[in-house]
Amino acid sequence: MRVVSVESSLLFALAAVAVVVIVRWAADRTGLPAAALLPVIGIGYALLPGPNVTLDPEIVLTFVLPPLLYSAALDSSLLAIRRNLRTVVSLSVVLVLLTALVIGFGFAWFVTGATLAAGIAVGAAVAPPDPVAALAVGRKVGLPPRLLTLIQGEGLLNDATALTILSVAVAAATGGGFSAPSALGQFLAAVLGGIVVGVLVAYVVRLLSRPLGGDPLTANAVSLATPFAAYLIGERLHVSGVLAVVVAGLIVGHHRPRSASGASRLQTNAVWRFVDFLLEGFVFLLIGQQLPTVIRGLAAYDTSTIVIAVVITTGTVLLLRPLWLILTQSLPRSLHTRLGGDGTDVDRSERLTGREVAVLSWSGTRGVISLAAIFTLPSVTDGGAPFPARDLLLFCTFVVVLVTLVGQGLTFAPIVRKLGLRADETDQARLRNEARSASVEAALDTLDELEAQAHDDLRTHLVDTMRGQLRARMARYRGRLDLLRSDEPVSPGYEAALHIRRVTIDAQREELLRWRDAGRLPDEGLRVLERELDLEERLLPDRPARR
């Protein structure tokens with residue numbers, strides 16, 4: 001019987017992988033976000049007869065959330081988040097707290113059988129946006145880097161805020177009582193403790209990266225273990241394990257260019273992209289499959305009570321975010337200064353435009369973290385009574401996740417295109433080529449210093465050879481800059497140069513394959529040379545080749 005069970009589980013997992021791959025393929029060709037399509041497929045499967053998967057909040061919070069947050073933190077910019085820290089904190093801390101309180105009081109006043117603590121609990125669960133869908137669409141349509149930083153920075157920090165508020169609300173609802181000073185102290189202790197744990201874990205990882213960073217496999221093992229270590233240490237110390245993971249990821253990602261070898265970074269990045277692909281696909285499928293569980297206990301509630309509860313949660317989530325963004329961007333200049341700005345031109349440039357506010361307002365999709373959080377609610381209180389309106393809270397959370405993930409997810413790209421809010425690709429390419437030119441100039445200066453030192457004729461030849469290669473590379477970069485500095489918004493010459501490079505790489509790859517097929521080149525040699533071409537191709541912008 002155990003063999004059958006294992007085989008059935010494996011078959012189920014393979015079927016899920018197949019669905020994720022097919023949906024990703026369809027999303028790439030239709031432009032629709034996979035994060036919005038997968039829950040719909042999950043709902044369809046949940047309505048069919050047969051086995052289903054019930055969400056286990058402990059598994060999600062322990063095995064799924066840490067690697068996803070850590071991977072996102074590694075790809076984030078610590079400096080960019082620091083530059084936009086006021087807006088990030090406003091969205092990830094203040095707005096999350098405000099959302100939880102508004103929904104909490106709405107439930108206490110208008111929903112029969114609900115308490116303030118229970119309402120704050122569901123408010124904390126639905127307050128933090130899951131930025132996966134918004135970031136996927138935003139990168140595809142070319143959102144400006146600043147908006148991507150705000151969406152990503154908010155998604156990194158809001159989970160810690162929401163889960164801390166949820167724990168305080170659950171303690172109050174189950175009989176532990178509520179004290180505002182105690183709740184504030186618990187929140188600050190969890191946040192500060194999580195930051196300290198994250199910094200310490202990042203420090204240890206940086207120490208390990210020096211002796212172990214040269215081996216890509218060892219570096220991968222350390223990288224994969226880091227988020228789980230940070231989370232477990234934080235939870236064991238009763239501080240925010242989620243925040244510990246985020247802080248560790250931001251610090252490690254910031255210092256990784258110096259502490260890790262090139263081979264380690266290439267392999268680690270590939271591994272984390274694969275982990276993200278599978279975990280995100282599974283969790284979005286899992287969301288849809290919770291439909292039978294969340295509707296099972298609704299028979300005990302009147303239709304009017306269900307409607308009022310859903311309207312309060314969904315309405316607050318959809319309306320409070322744009323109102324908060326408009327309010328914070330409309331504050332007087334003097335108040336902005338007292339809140340951390342200095343009134344300079346740089347500070348004024350941090351204000352969002354109307355189009356940016358609209359995009360950020362519609363980027364607040366909720367995801368599996370909201371469901372995992374609400375599923376942690378206990379069934380009974382400390383006194384043995386049923387937890388207030390638990391089944392209703394589950395249903396409201398599911399509706400919010402479905403409405404935002406599918407509704408906002410499917411309409412986010414059209415809204416961005418309609419607003420015409422896109423990054424200037426030419427400016428970004430120009431900046432990258434200017435940085436490349438500067439790096440080559442630094443290398444040429446280093447060669448001049450080497451040449452001035454005592455050396456033999458062989459070393460002189462090597463220096464001259466390297467100088468010639470660097471000058472050829474410099475000429476190529478300056479040629480690109482001349483194309484990019486033309487008056488045309490998108491340089492046809494630059495696009496043509498990219499096309500030519502891709503065609504020549506393809507020709508080299510085909511010739512290597514002909515050598516291998518003819519028996520002139522062993523497969524081991526083919527893989528070495530193919531990797532060189534793959535790395536060269538990886539340096540090109542992510543655009544489809546012309547045909």
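Position 1 is the first residue of the sequence, and the numbers go up from there.
The two residues Ile165 and Ala124 have their closest heavy-atom pair at CG2-CB, 3.8 Å. Residues Pro39 and Ala34 approach most closely at CD-O, 4.4 Å, considering heavy atoms. The heavy-atom pair separating Pro388 from Ala118 by the smallest distance is O-CB, 3.8 Å. Taking both residues in full, the closest heavy atoms of Val275 and Pro67 are given as CG1-CB, 4.5 Å, listed atom of the first, atom of the second, then distance. Heavy-atom minimum distance, Ala160 versus Ser240: CB-OG, 3.4 Å. Nearest heavy-atom pair across Leu69 and Gly155 is CD2-O, 4.0 Å.
Using a 4.5 Å heavy-atom threshold, the side chains of Trp362 and Leu419 count as separate. Leu150 has its side chain within reach of Leu352: a pair of non-hydrogen atoms, C-beta onward, lies under 4.5 Å apart. The closest side-chain heavy-atom distance from Leu91 to Leu325 is below 4.5 Å. Side-chain atoms of Val245 and Phe228, non-hydrogen and from C-beta on, never get closer than 4.5 Å to each other. Residues Leu393 and Phe107 meet the side-chain proximity criterion, which asks for heavy atoms closer than 4.5 Å. In this structure, Leu250 and Ser76 have side chains that are in contact, with non-hydrogen atoms separated by less than 4.5 Å. Looking at Thr397 and Phe375, their side chains never come closer than 4.5 Å, going by heavy atoms from C-beta outward. Between Leu157 and Val93, the closest side-chain pair of non-hydrogen atoms is not below 4.5 Å.
Formation of a donor-acceptor pair under 3.5 Å by the Thr314 side chain with backbone atoms of Val311 is not found in this model. Between the side chain of Ser223 and the backbone N or O of Ala219, no donor-acceptor pair lies under 3.5 Å. Remark: the backbone N or O of Ile59 is not paired with any side-chain donor or acceptor of Thr62 at under 3.5 angstrom. Counting only distance, with no hydrogens or angles, the side chain of Arg390 and the backbone of Leu377 share a donor-acceptor pair below 3.5 Å. With hydrogens and angles ignored, the 3.5 Å screen pairs a side-chain donor or acceptor of Thr161 with a backbone N or O of Ser92. Side-chain atoms of Asn158 come within 3.5 Å of backbone N or O of Pro129 as a donor-acceptor pair. Side-chain atoms of Ser370 come within 3.5 Å of backbone N or O of Ala125 as a donor-acceptor pair. The backbone N or O of Leu95 sits nowhere less than 3.5 Å from a side-chain atom of Arg321 that would complete a donor-acceptor pair.
Atom OH of Tyr203 is separated from atom NE2 of His255 by 12.0 Å, given to the nearest 0.5 angstrom. Taking SG of Cys396 as the reference point, atom CD1 of Ile312 lies at 8.5 Å (rounded to 0.5 Å). Note that the CG atom of Leu392 and the CG atom of Leu298 stand 7.0 Å from one another [nearest 0.5 Å]. Between the OG1 atom in Thr404 and the CZ atom in Arg366 there is a gap of 6.0 Å [rounded to 0.5 Å]. The distance from atom CD of Gln290 to atom CD1 of Ile374, rounded to the nearest 0.5 Å, is 13.5 Å. Note: Leu166 CG to Asp159 CG = 11.5 Å, rounded to the nearest 0.5 Å.
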Next on the checklist: What verdict does the side chain to side chain contact (heavy atoms under 4.5 Å, CB included) test give for Val102 and Leu320, after you've listed the backbone C-alpha separation in whole Å, the side-chain angles of each residue and the deciding distance to 0.1 Å?
Outcome noted: CA-CA 9 Å; Val102 170; Leu320 187 59; 4.3 Å; yes
Item to check | Evaluation steps, side chain to side chain contact (heavy atoms under 4.5 Å, CB included), between Thr226 and Val222 | outcome: CA-CA 6 Å; Thr226 300; Val222 172; 4.1 Å; yes
Checklist entry - Can you list the steps and then say if Leu224 with Trp272 is a side chain to side chain contact (heavy atoms under 4.5 Å, CB included)? => result CA-CA 8 Å; Leu224 288 173; Trp272 277 115; 3.9 Å; yes
Item to check | Residues Val197, Leu243; criterion side chain to side chain contact (heavy atoms under 4.5 Å, CB included); working and verdict | outcome: CA-CA 9 Å; Val197 170; Leu243 191 57; over 6 Å; no
Item to check | side-chain hydrogen bond (donor to acceptor under 3.5 Å, both in side chains) assessment of Thr268 paired with Asn220 | outcome: CA-CA 5 Å; Thr268 302; Asn220 269 321; 3.2 Å; yes
Next on the checklist: Applying side-chain hydrogen bond (donor to acceptor under 3.5 Å, both in side chains) to Trp324 and Thr99, what does each step give before you reach the verdict?
Outcome noted: CA-CA 10 Å; Trp324 177 254; Thr99 302; over 6 Å; no
Enumerate, atom names and distances included, each donor-acceptor pair closer than 3.5 Å involving a side-chain atom of residues 229-236, sequence neighbours excluded.
| unit_1 | atom_1 | unit_2 | atom_2 | d |
| --- | --- | --- | --- | --- |
| Tyr231 | OH | Leu61 | O | 3.4 |
| Glu235 | OE2 | Gly241 | N | 3.1 |

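Judged by distance alone, the side chains of Ser71 and Asp276 do bring a donor and an acceptor atom under 3.5 Å apart.
Atom CZ of Phe105 has 12 or fewer heavy atoms from other residues, nucleotides or ligands within 6.0 Å.
Just one residue in the list Val20, Leu405, Leu279 forms a side chain to side chain contact (heavy atoms under 4.5 Å, CB included) with Phe284, and that residue is Leu405.
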